[in-house]
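Report on the following structure.
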Amino acid sequence: VQLVESGGGLVQAGGSLTLSCAASGFRFEGYAMAWFRQAPGKEREGISCITSDDGSTHYADSVKGRFAITRRNSDHAVFLRMNSLKPEDTAVYYCAATLYDSSCKYGPIRFVPSDYWGQGIQVTVSA
C-alpha cells in the first residue's frame, strides 16, 4: 500500500495550492479518503474527507469554505484544493484512507493508525 502526496510548498497568505495524493496497493474506490494536517506542537487534525459510497464531502470548521476535496477513482487519486491560505494553515499535510465512511460522516474526522497513511508533505504559508 502506498499513498504519495505532492503539490506542497511555500505560498503567500491569500494564495492557493492543490495537493495531490496517488494511491496504490488497495481497492481505492472502496475507501474513504481524507486529508489531515499537523502543525508544530499541535495534534494531527482531520480537515477534509470524501466518502466511498456517495462521494459526500466533509470539512473541519477551520477550512470550511476555503478548501475542497475531490477524488478520481479512475486514477486512484485524491486532491485538496486550498484557497485563501492563511499562515495558520502551515503544517505537514497527510493523505489517508479508511474502509469506514463513518469515520468521515459523523463528528470530527478521525482515522486510526491502522488505516493507510502517506508520509506527509509540507505546506508553508508566509504572512
Side-chain angles (χ1 to χ4, degrees):
V1 171
Q2 274 197 314
L3 294 171
V4 180
E5 302 95 341
S6 61
L10 175 65
V11 64
Q12 286 190 329
S16 298
L17 276 178
T18 298
L19 301 182
S20 301
C21 173
S24 61
F26 62 99
R27 194 176 69 90
F28 181 82
E29 59 271 23
Y31 281 68
M33 300 297 299
W35 290 94
F36 287 71
R37 68 184 182 187
Q38 188 166 18
K42 293 192 174 181
E43 290 191 356
R44 192 171 295 190
E45 172 191 22
I47 58 170
S48 184
C49 195
I50 184 166
T51 62
S52 64
D53 55 359
D54 59 3
S56 61
T57 56
H58 307 269
Y59 299 92
D61 288 343
S62 57
V63 305
K64 200 172 291 184
R66 300 188 298 124
F67 290 11
I69 187 170
T70 56
R71 65 188 296 161
R72 197 158 61 222
N73 287 345
S74 59
D75 293 330
H76 289 195
V78 62
F79 308 93
L80 185 68
R81 176 66 176 177
M82 304 185 293
N83 296 323
S84 303
L85 282 161
K86 306 174 182 178
E88 51 264 44
D89 293 317
T90 295
V92 177
Y93 283 71
Y94 298 88
C95 174
T98 184
L99 272 172
Y100 307 105
D101 283 335
S102 57
S103 297
C104 286
K105 289 184 173 182
Y106 308 117
I109 298 165
R110 284 205 182 105
F111 285 20
V112 296
S114 56
D115 289 322
Y116 300 146
W117 294 87
Q119 291 297 307
I121 192 163
Q122 179 70 44
V123 172
T124 302
V125 184
S126 62

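Bear in mind that the values here come from a model prediction, so they are computed numbers and not experimental data.
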Main-chain N/O of [Y] paired with [X] side-chain donor or acceptor, under 3.5 Å:
X	Y	result
D54	S56	yes
Q2	A23	no
R37	V123	no
D89	K86	yes
W117	V112	yes
D101	D53	yes

Is it the case that atom [atom1] in [X] sees more than 12 heavy atoms from other parts of the structure closer than 6.0 Å?
X	atom1	answer
Q12	CD	no
R110	CZ	no
Q38	CD	yes
Y100	OH	no

Less than 6.0 angstrom separating the ring centers of W35 and F67, yes or no?
no
Check whether any side-chain heavy atom of T70 lies under 4.5 Å from a side-chain heavy atom of R72, and answer yes or no.
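Not touching, per the 4.5 Å side-chain cut-off.
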Which heavy-atom pair separates [X] from [Y] by the least distance, and what is that distance?
X	Y	value
Q122	A91	NE2-O, 3.4 Å
C95	V78	SG-CG1, 3.7 Å
S16	S84	OG-N, 4.3 Å
A13	P87	CB-CD, 4.1 Å
M82	Y93	SD-CE2, 3.8 Å

Report the relative orientation of the aromatic rings in Y31 and Y116; use parallel for angles under 30°, tilted for 30 to 60°, perpendicular for over 60°.
parallel
Check the pair S126 / L10 against side chain to side chain contact (heavy atoms under 4.5 Å, CB included), numbers first and verdict last.
CA-CA 7 Å; S126 62; L10 175 65; 4.3 Å; yes
Decide side chain to side chain contact (heavy atoms under 4.5 Å, CB included) for L80 and S48; before the verdict, give the C-alpha distance in whole Å, the side-chain angles of both, and the deciding distance to 0.1 Å.
CA-CA 8 Å; L80 185 68; S48 184; 4.0 Å; yes
Linking I/L/V/M/F/W/Y whenever their side-chain heavy atoms sit closer than 4.5 Å, directly or via other members, would [X] and [Y] fall into one cluster?
X	Y	value
F36	L17	no
V11	F79	no
V125	Y59	yes
I50	F111	no

Among side-chain atoms of [X] and [Y], is any donor-acceptor pair under 3.5 angstrom?
X	Y	answer
T90	E88	no
E45	S62	yes
R81	T18	yes

Looking at CD1 of I109 and NE2 of H58, how far apart are the two atoms once the value is rounded to the nearest 0.5 Å?
8.0 Å
How long is the straight-line distance from OG of S52 back to CG of L99, given to the nearest 0.5 Å?
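Interatomic distance, L99 CG to S52 OG, rounded to 0.5 Å: 8.0 Å.
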Stepwise, does the salt bridge (Lys or Arg N to Asp or Glu O under 4.0 Å) test hold for D61 with K64?
CA-CA 5 Å; D61 288 343; K64 200 172 291 184; 3.2 Å; yes
Within 45° of the ring axis of Y94 and under 6.0 Å from its six-membered ring centre, is that where the NZ or CZ of R44 lies?
yes
Stepwise side chain to side chain contact (heavy atoms under 4.5 Å, CB included) check, L19 with I121
CA-CA 9 Å; L19 301 182; I121 192 163; 4.3 Å; yes
Apply side chain to side chain contact (heavy atoms under 4.5 Å, CB included) to residues K105 and T51 and explain how you reach the verdict.
CA-CA 8 Å; K105 289 184 173 182; T51 62; 3.7 Å; yes
